[in-house]
Amino acid sequence: MSEYLTSSDFMILMIKIIVIFGGVMGALVYLTWIERKVMARVQMRPGPTRVGPFGLLQPIADGLKFLFKEDVVPANANRFLYIAAPVVSLIPALLSFSVIPFGPWLQVTDLSVGLLFIFAITSLGVYGIVLGGWASNSKYPLMGAMRSSAQMISYELSLTLSVVGVLMIANTLSLNQLVMSQQRTWLGFIPRWNIFLQPVAFLIYVVSAVAETNRLPFDLAESEQELVAGWHTEYSSLKFAMFMLAEYANMVTVSALATIMFFGGWSGPLVGPHWLKAALPTFWFVSKIFLFIFFYVLLRSTIPRFRYDQLMNFGWKVLLPLSLANILATSFVVAIS
Amino acid sequence: MLELILFYTFGAIAVISGILVITRHNVVHSAAFLGATLFAVAGIFLTLHAEFVAGVQVIVYVGGILVLFVFVIMLIAVERSVHERQYNKQWTIALITSAILIVEIAYGLYRGRDSLVLPAVVPPAAAAAGGNSEQVGTALYTSYLLPFEIASILLLVAIVGAVVLSKKRTPAEE
């Protein structure tokens, strides 16, 4: 055991963990800036401009503000669960980054059941919302938490079923091998990405992913006009910041999964000297994720919220049958060829 | 050795929190301990090199079924349930039958005491057969096809039954 702790394998693993964790945390903080800036532009406002050039230091100012704000625990709240809820929602959100391949070598560990691991871990995120809403002991958070749990259970089904078609084509659950299976090209220039083979699955995945992360137009758990702020109404200070971080981390996770499963992960043209060839895959991967995040923000700033019954009807009567039909069709094609 | 320690640790967690699930008065605590039990069982699967089953265990039980439990718990008044009487008049009979059961299990354990020290788990040629998930799939769709299909029919019937029972009757039907 002690030999392992001093070996170079262990050092490399530690460096990978520090690079990925540090990079992801930094990116999450700056996602708030991107979101505010892009939304402001869509709505013809300048957005944050005061702190630093282009408001670039705004996230740091926000972070400091979260640290120094008063930490309120409501009088009749269930104290233990109230404090535990933000932790319960942040830990699973960050754990999923341990299996995501950010590049051919930039991956903490390549599990043979990596995709299953991510789905298992992210399915725990709902507990943070449910426990937080319940422990606040107040009506708006409870309403938000109940809506959220019903919504997340409903859309988790179609989210999980939508990837089955991709898995049937790729024949693996390992995220790294999923990327490897999309390396070749058609006619020499069209990349062999699963989006061209599974367009329906991709649409189902994107819709369910937005619903799973509780973002507009599916943010009924928060829904400011009816529920103040939904399940995190009573939260303040660093606990609120943890909920926000978890939400952004989940956004990045589902975007990364979409990139890996449908857009070839870190694959892309490799040019230039040796060091550039080593860095380019990570660059392609991050750019593809960024496109998804951009889409998320545009969606938030343009589309109004669903009504609750519309949400349930759409999930159970449209998305679920559609994903089952997609599995049937794909299995026929795979069996024939 | 490490595997043995892990196996018995997870086993102990599963059993102890399983007992706490039925003895706690507060339903929220019961649900939390149920979660611990389910996680410990997933851990046992992992020590047995059954990664696929461990993942499915967490997705289905912790991420699905337990969420539904918590969902229902949020709708009931927890304070009242704390003061509710936990056992009914049949507890003497239940005590006797469970005592007999415990004696039986203890005897079984005593007879099989040589197998308590588990043989070293060999990952069942996972790499050769193409991975754990593939093995589960092959087993399900070849050797155990009939039981698998029967189970799926049973589940379908249960779902249809639940829908029929919970559906509101229209006046015309009555």
Side-chain angles (χ1 to χ4, degrees), chain A residues 1 76 78 80-81 84-85 88 92 95 99 109-137 139 141-154 156-157 159-160 164 167-168 171-174 177 212 231 316, chain B residues 1-2 5 26-29 31-32 34-36 38-39 41-43 45-46 49-79 82 123-124 126-138 141 156 159 163:
Chain A
M1 195 71 188
N76 286 325
N78 183 325
F80 175 72
L81 286 180
V88 171
L95 256 183
V99 295
T109 172
D110 184 31
L111 288 183
S112 64
V113 288
L115 194 65
L116 209 62
F117 174 81
I118 290 194
F119 280 135
I121 289 295
T122 48
S123 71
L124 305 178
V126 63
Y127 283 107
I129 296 178
V130 169
L131 292 180
W134 183 80
S136 304
N137 201 1
K139 58 185 174 230
L142 186 65
M143 290 283 292
M146 282 177 43
R147 281 184 181 186
S148 164
S149 53
Q151 174 185 334
M152 285 174 91
I153 287 179
S154 313
E156 204 172 296
L157 281 176
L159 184 80
T160 317
V164 172
L167 297 181
M168 275 193 272
N171 268 324
T172 178
L173 279 168
S174 145
Q177 284 175 34
E212 272 296 288
W231 44 275
W316 288 101
Chain B
M1 190 60 200
L2 180 69
I5 295 171
N26 192 329
V27 276
V28 178
H29 298 169
L34 184 59
L38 297 171
F39 263 117
V41 173
F45 285 138
L46 273 186
H49 296 275
E51 296 94 359
F52 180 79
V53 187
V56 171
Q57 161 88 10
V58 174
I59 292 180
V60 173
Y61 285 97
V62 188
I65 294 176
L66 193 58
V67 175
L68 287 177
F69 284 177
V70 174
F71 186 73
V72 173
I73 287 172
M74 290 197 304
L75 297 173
I76 60 174
V78 175
E79 282 73 28
V82 172
N132 186 252
S133 336
E134 284 83 344
Q135 281 181 323
V136 173
T138 318
Y141 286 100
L156 184 68
I159 293 171
V163 171

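Chain naming here is simple, since letters A, B, ... match the order of the sequence lines and numbering starts at 1 in each.
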Q | Approximate separation, where rounding is to 0.5 Å, of B:Glu51 CD and A:Leu116 CG | A | 10.0 Å

Q. Does the side chain of B:Val56 reach to within under 4.5 Å of the side chain of B:Phe45, using non-hydrogen atoms?
A. no

Q: Identify which part of A:Leu173 has an atom lying under 4.5 Å from any heavy atom of chain B, answering side chain, backbone, both or neither.
A: side chain

Q. Taking only residues two or more places apart in sequence, or in another chain, which ones meet B:Tyr141 in a ring pair (Phe, Tyr, Trp, His ring centres under 6.0 Å)?
A. B:Phe148

Residues 124-131 of chain A, side-chain donor-acceptor partners within the protein, below 3.5 Å, at least two apart:
{"unit_1": "A:Tyr127", "atom_1": "OH", "unit_2": "B:Val62", "atom_2": "O", "d": "2.4"}
{"unit_1": "A:Tyr127", "atom_1": "OH", "unit_2": "B:Val67", "atom_2": "N", "d": "3.3"}

Q: Tell me, out of B:Leu66, B:Val60, B:Leu68, who's got the most heavy-atom pairs with chain A below 4.5 Å.
A: B:Leu66

(Q) Less than 4.5 Å to any heavy atom of chain B: does that hold for the side chain of A:Leu157, its backbone, both, or neither? (A) neither

